[in-house]
Amino acid sequence: MNILLLGSGGREHALALKMSQSTLCGQLFIAPGNAGTAQCGTNVNMGVSEFEKIKTFCLENAIDLVLPGSEEALVNGIYDFFQQDAAIKHIPVLGPSKEGAQLEGSKAYGKLFMERHHIPTAAYREFSAQNYEEGLAYLQQHSLPIVLKADGLAAGKGVVIAATYEEAAEEFEQMIKSAKFGDASKTVVVEQFLTGIELSVFAITDGHTYKILPEAKDYKRIGEGDLGLNTGGMGAVSPVPFADAAFMQKVEEEVIKPTIAGLSKEGIVYYGFVFFGLINVEGSPFVIEYNCRMGDPETEVVMPRLKNDVLELFQATVSGKLSEQTIYADERAASTVMLVSGGYPEAYEKNKVIKGIPAPTRDQIVFHAGTRQEGDEVLTNGGRVLAITSLAADLSMALAHSVQTAEQIAFDGKVYRRDIGYEFI
């Protein structure tokens, strides 16, 4: 198979490495890719939403499968673009239709879907400029803390948990009136705060059947002890100790089954990954959000634990044979520690030389996120730079190995957390 993977982050490096290890892998192209993906296949200077360029490339290179790594191309309708063009309709896109991608593209759409299919989630209301004053009044009578979410895509940063009414009103104004997150916050979802512990559960589906992949937990805050600003993710662990068989059975029965059945019942075309952002509230799972692709940095712990030939799994998904597959997971624990640029998630500098990246071993791989190659040097090229994933008999050993490597890798302004998975160690 010739594959085109769209994206440039740590998630894409993890997917690229896994696909390159498949016996089914012919040529692997990554657009636009990074310094790490170049070690797994061929990087292509092409944007993930440049659909006409992607079409031309697919035809010229006999592409057999397109895998959008991030949500951007999916929300912009890449699946529909391929389906509506006779020249490329035969090339499977492993991702949902534009409507299916609205589960992530619009928080309000996702909430209404959950309501229709009786999937447990926090109570909510949505507001925009049209009912702004009503929203302010609603905030004043809401219990604290108050969760405010930009309705659209905001690169994982469109959520604010306000501890006071004053903070809630200020954030509400910033989102709607001052376009804090651009068009993404034209509509704001105000949500009940749920107390519990979060985790990410992943399924792969053809819109009718599904298979559950290894679960993970990521850490969003920049600072140790879960303090400071939200980021795209500072690290992750898998498996999640509290996600035992009994809890995962509840997740499957109360969340996954009704979600996939809802997609099927409503005729929503959906191939690929469903990311269930969950919170465990006293033993019961509630959905915080859906994503229509794998998470980042969760992919960097899930893919190394997945023992299946991933292209065999993808092929089964697009050909309607997913039900014949069985998922196999490495019993070892995985921990990934993200190295980020100084100043992230706010202003940061790029083009810092990176030294000391070790070669991959059976127990560790350093995934590239925001990097680029220039001659013999690897340079920083983003807020999140590298994800160091280690596998070991338990989480504490895996984390210790990742932290040890984090100390050895050097670039100007390097920041990382040493406490990923701290609740379980």
**Q** Would you say CD of E170 has more than 12 non-hydrogen atoms from neighbouring residues, nucleotides or ligands within 6.0 angstrom?
**A**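 For E170, atom CD is not crowded (no more than 12 foreign heavy atoms under 6.0 Å).
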
**Q** If you define the side chain from C-beta out and look only at heavy atoms, does anything of L148 sit under 4.5 Å from V159?
**A**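 Not in contact.
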
**Q** Run the ring-ring contact (aromatic ring centres under 6.0 Å, His included) test against F411 and tell me which residues pass, sequence neighbours left out.
**A**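 Residues passing ring-ring contact (aromatic ring centres under 6.0 Å, His included) with F411: none at all.
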
**Q** Can you pull out every salt bridge (charged side-chain N to carboxylate O under 4.0 Å, His left out) where at least one residue sits in residues 395-413? Sequence neighbours excluded, please.
**A**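 Non-adjacent pairs meeting salt bridge (charged side-chain N to carboxylate O under 4.0 Å, His left out): K352-D412.
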
**Q** Sort and list the pairs that fulfil salt bridge (charged side-chain N to carboxylate O under 4.0 Å, His left out) and have at least one residue in residues 222-232, not counting sequence neighbours.
**A**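 Counting only pairs at least two positions apart or across chains, the salt bridge (charged side-chain N to carboxylate O under 4.0 Å, His left out) contacts touching residues 222-232 are E224-R418, D226-R417.
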
**Q** Looking only at side-chain N and O atoms, does D309 offer a donor or acceptor that is under 3.5 Å from a partner on S22?
**A**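 Yes, a side-chain donor-acceptor pair sits under 3.5 Å.
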
**Q** Can you check whether K180's main-chain N or O pairs, donor with acceptor, with S178's side chain at less than 3.5 Å?
**A**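 No: the side chain of S178 does not pair with the backbone of K180.
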
**Q** Of I357, T380, L379, I354, which meets side chain to side chain contact (heavy atoms under 4.5 Å, CB included) against T371?
**A**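 One option only clears the test, and that one is I354.
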
**Q** Would you give the length of the straight line joining atom OG of S49 to atom CD1 of I78, rounded to the nearest 0.5 angstrom?
**A**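 Atom-to-atom, S49:OG and I78:CD1 are 7.5 Å apart.
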
**Q** Testing the 3.5 Å rule here: is there a donor-acceptor pair between the side chains of E12 and T37?
**A**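 No pair is found: no donor N or O on one side chain lies under 3.5 Å from an acceptor on the other.
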
**Q** Quick one, E423 with K217, criterion salt bridge (Lys or Arg N to Asp or Glu O under 4.0 Å). Give me CA distance, side-chain angles, the key distance, then yes/no.
**A** CA-CA 11 Å; E423 316 99 308; K217 184 182 190 310; 3.3 Å; yes

**Q** With no hydrogens and no angle check, is any side-chain donor or acceptor of N43 less than 3.5 Å from a backbone partner on G33?
**A**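 Judged by distance alone, no pair lies under 3.5 Å.
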
**Q** Show me the pairs that pass salt bridge (charged side-chain N to carboxylate O under 4.0 Å, His left out) and involve residues 258-285, at least two apart or across chains.
**A**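 Salt bridge (charged side-chain N to carboxylate O under 4.0 Å, His left out) check on residues 258-285 returns R116-E266.
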
**Q** What pairs with K321 under side-chain contact (heavy atoms from CB on, under 4.5 Å), at least two apart in sequence or on another chain?
**A**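 Once residues adjacent in sequence are excluded, the partners of K321 under the side-chain contact (heavy atoms from CB on, under 4.5 Å) criterion are A316, S319, E324.
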
**Q** Whether the side chain of Q364 engages the backbone of S390 through a donor-acceptor N/O pair (distance < 3.5 Å, no angle test) should be reported.
**A**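 Not a single qualifying donor-acceptor pair exists.
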
**Q** Treating E215 as the side-chain partner and V240 as the backbone partner, does any N or O pair qualify as donor plus acceptor under 3.5 Å?
**A**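 Yes; judged by distance alone, with no hydrogens or angles, the pair exists.
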
**Q** Would you please name every residue forming a side-chain contact (heavy atoms from CB on, under 4.5 Å) with S264, sequence neighbours left out?
**A**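 side-chain contact (heavy atoms from CB on, under 4.5 Å) list for S264, sorted by chain: H208.
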
**Q** Grab the two heavy atoms, one from V75 and one from G105, that are nearest each other, plus how far apart they are.
**A**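 Looking at all heavy atoms of both residues, the closest pair is CG2-CA, 4.0 Å.
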
**Q** Can any side-chain N or O of N34 pair as donor or acceptor with the backbone N or O of H368 at less than 3.5 Å?
**A**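 At least one qualifying donor-acceptor pair exists.
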
**Q** For a quick test of reading the model, state the closest non-hydrogen atom pair linking S396 to I425 and the distance between them.
**A**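 Looks like CB-CG2, 3.7 Å.
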
**Q** Is it the case that atom CD in E349 sees more than 12 heavy atoms from other parts of the structure closer than 6.0 Å?
**A**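 No.
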
**Q** Check F275, Y210, Y290 against F202 for a ring pair (Phe, Tyr, Trp, His ring centres under 6.0 Å) and give me the one that passes.
**A**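 Among the candidates, only F275 passes.
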
**Q** Please enumerate all residues that pass ring-ring contact (aromatic ring centres under 6.0 Å, His included) together with Y416, with sequence neighbours excluded.
**A**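 Applying ring-ring contact (aromatic ring centres under 6.0 Å, His included) to Y416 gives none.
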
**Q** Check the surroundings of atom NZ in K414: do more than 12 heavy atoms from other residues, nucleotides or ligands lie under 6.0 Å from it?
**A**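 Result for NZ/K414: enclosed.
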
**Q** Can you say whether the rings of F424 and F242 are parallel (under 30°), tilted (30 to 60°) or perpendicular (over 60°)?
**A**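 Rings of F424 and F242: tilted, as their planes differ by 30° to 60°.
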
**Q** Find the distance between CG (L213) and OG (S238) and round it off to the nearest 0.5 Å.
**A**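 Between atom CG of L213 and atom OG of S238 there are 10.0 Å.
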
**Q** Checking A329 now: which residues fulfil side-chain contact (heavy atoms from CB on, under 4.5 Å) with it, not counting sequence neighbours?
**A**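 P214, R305.
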
**Q** If you look only at distance, which donor and acceptor atoms sit under 3.5 Å apart when one is on a side chain in residues 92-101 and the other is two or more places apart or in another chain?
**A**
unit_1 : atom_1 : unit_2 : atom_2 : d
S97    : OG     : G100   : N      : 3.2
S97    : OG     : V269   : O      : 2.9
E99    : OE2    : Y109   : OH     : 3.3

**Q** Taking only residues at least two apart or on different chains, which pairs with a member in residues 299-321 satisfy ring-ring contact (aromatic ring centres under 6.0 Å, His included)?
**A**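 Every pair satisfying ring-ring contact (aromatic ring centres under 6.0 Å, His included) with a residue in residues 299-321: F273-F314.
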
**Q** Please determine, by modelled atom types, if T209 and D206 share a side-chain donor-acceptor pair under 3.5 angstrom.
**A**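 The answer is yes; a qualifying pair exists.
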
**Q** Can you name the one residue among E191, E126, E171 that meets salt bridge (charged side-chain N to carboxylate O under 4.0 Å, His left out) with K149?
**A**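 The option that passes is E191.
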
**Q** Side-chain polar contacts of residues 243-251 - donor-acceptor pairs under 3.5 angstrom, sequence neighbours left out - could you list them?
**A**
unit_1 : atom_1 : unit_2 : atom_2 : d
D244   : OD1    : A246   : N      : 3.4
D244   : OD1    : F247   : N      : 2.9
K250   : NZ     : G283   : O      : 3.0

**Q** Counting N and O atoms only, with roles assigned by atom type, does the side chain of R11 sit under 3.5 Å from a partner on the main chain of M294, one being a donor and the other an acceptor?
**A**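 Answer holds: yes.
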
**Q** I'd like to know if the side chain of D64 reaches the main chain of N2, judged simply by a donor and an acceptor atom lying under 3.5 Å from each other, with no hydrogens or angles considered.
**A**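 The answer is yes, because a donor-acceptor pair under 3.5 Å joins these two groups.
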
**Q** Can you name the residues that form a side-chain contact (heavy atoms from CB on, under 4.5 Å) with H142, not counting sequence neighbours?
**A**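 So H142 forms a side-chain contact (heavy atoms from CB on, under 4.5 Å) with Y138, I146, V190.
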
**Q** State the NZ-CG distance between K18 and L313, to the nearest 0.5 angstrom.
**A**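 Output value for this atom pair is 10.0 Å.
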
